[in-house]
Amino acid sequence: MLERASPFTAAADGLKIALRVTPKAGRNRIDGLAADEGGGAVLKVAVTAAPEGGKANAALIKLLAKEWRLPKTALAIVGGAAARRKLLHVSGDPAELMSRLERWLEARHV
């Protein structure tokens with residue numbers, strides 16, 4: 001079985017997740033994984049909100065918090081707030097979060 005790249009990276013106080021976000025989409029959705037320029041992976045997410053006044057970022061956090069059953073306060077954009085490529089930090093136990101989100105990814109057949 002081929003090893004796939006993961007958008008998740010453990011941090012001391014949670015996980016960092018590489019994202020590629022598409023604003024003003026037809027519907028809010030998670031589109032799976034895509035390769036990034038460095039050979040890693042990013043999680044592709046689309047939101048209906050426009051990228052103005054932080055609306056798309058708020059919609060992104062709301063969508064992922066609901067999907068992952070985490071409080072919105074556990075998610076924060078720590079890189080690329082005004083760009084399509086973002087770095088999201090999820091607060092919590094890194095090992096538990098990594099296991100939980102890798103299982104979630106597997107369940108989505110990504």
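L60 and L97 fall within the same hydrophobic cluster, where Ile, Leu, Val, Met, Phe, Trp and Tyr residues are linked whenever their side-chain heavy atoms come under 4.5 Å apart, directly or through other members. No continuous path of ILVMFWY side-chain contacts below 4.5 Å connects V42 to I30, so the two sit in separate hydrophobic clusters.
Residue R29 comes nearest to G26 through the heavy atom pair NH1-N, 4.3 Å, listed as atom of the first residue, atom of the second, then distance. Contact record, G14 with P94: O-CB, 3.5 Å, taken as the closest heavy-atom pair. Here the shortest heavy-atom pairing between A41 and A18 reads O-CB, 3.7 Å. Smallest separation of non-hydrogen atoms from P23 and A49: CB-O, 3.6 Å. Between G40 and A5 the shortest heavy-atom distance is C-CB, 3.9 Å. Considering all non-hydrogen atoms of both residues, A11 and K16 come closest at CB-CG, 4.1 Å.
The environment of K44 atom NZ is dense: over 12 non-hydrogen atoms of other residues, nucleotides or ligands sit within 6.0 angstrom.
Side-chain atoms of N57 come within 3.5 Å of backbone N or O of A81 as a donor-acceptor pair. Listed for the R85 side chain is no donor-acceptor partner under 3.5 Å among the backbone atoms of D36.
Distance check: L70 CG to L101 CG gives 7.0 Å after rounding to the nearest 0.5 Å. With values rounded to the nearest 0.5 angstrom, W68 atom CH2 is found 10.0 Å from R100 atom CZ. Remark: K55 NZ to K24 NZ distance equals 11.5 Å, nearest 0.5 Å. Residue L15 holds its CG atom at 8.0 Å from OG1 of T9, rounded to the nearest 0.5 Å. To the nearest 0.5 Å, atoms NZ (K86) and CD1 (I17) are separated by 14.0 Å.
The side-chain heavy atoms of L105 and L33, taken from C-beta on, include a pair separated by under 4.5 Å. Contact annotation: the side chain of H89 approaches that of D13 to within less than 4.5 Å [non-hydrogen atoms, C-beta and beyond].
Grouping Ile, Leu, Val, Met, Phe, Trp and Tyr by side-chain contacts under 4.5 Å, direct or through others, puts V78 with L87.
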Given side chain to side chain contact (heavy atoms under 4.5 Å, CB included), test T22 with D31 step by step and report yes or no.
CA-CA 10 Å; T22 302; D31 289 331; 5.9 Å; no
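Each of T48, N28, L75, V21 was scored for a side-chain contact (heavy atoms from CB on, under 4.5 Å) with L63, with one residue passing: N28.
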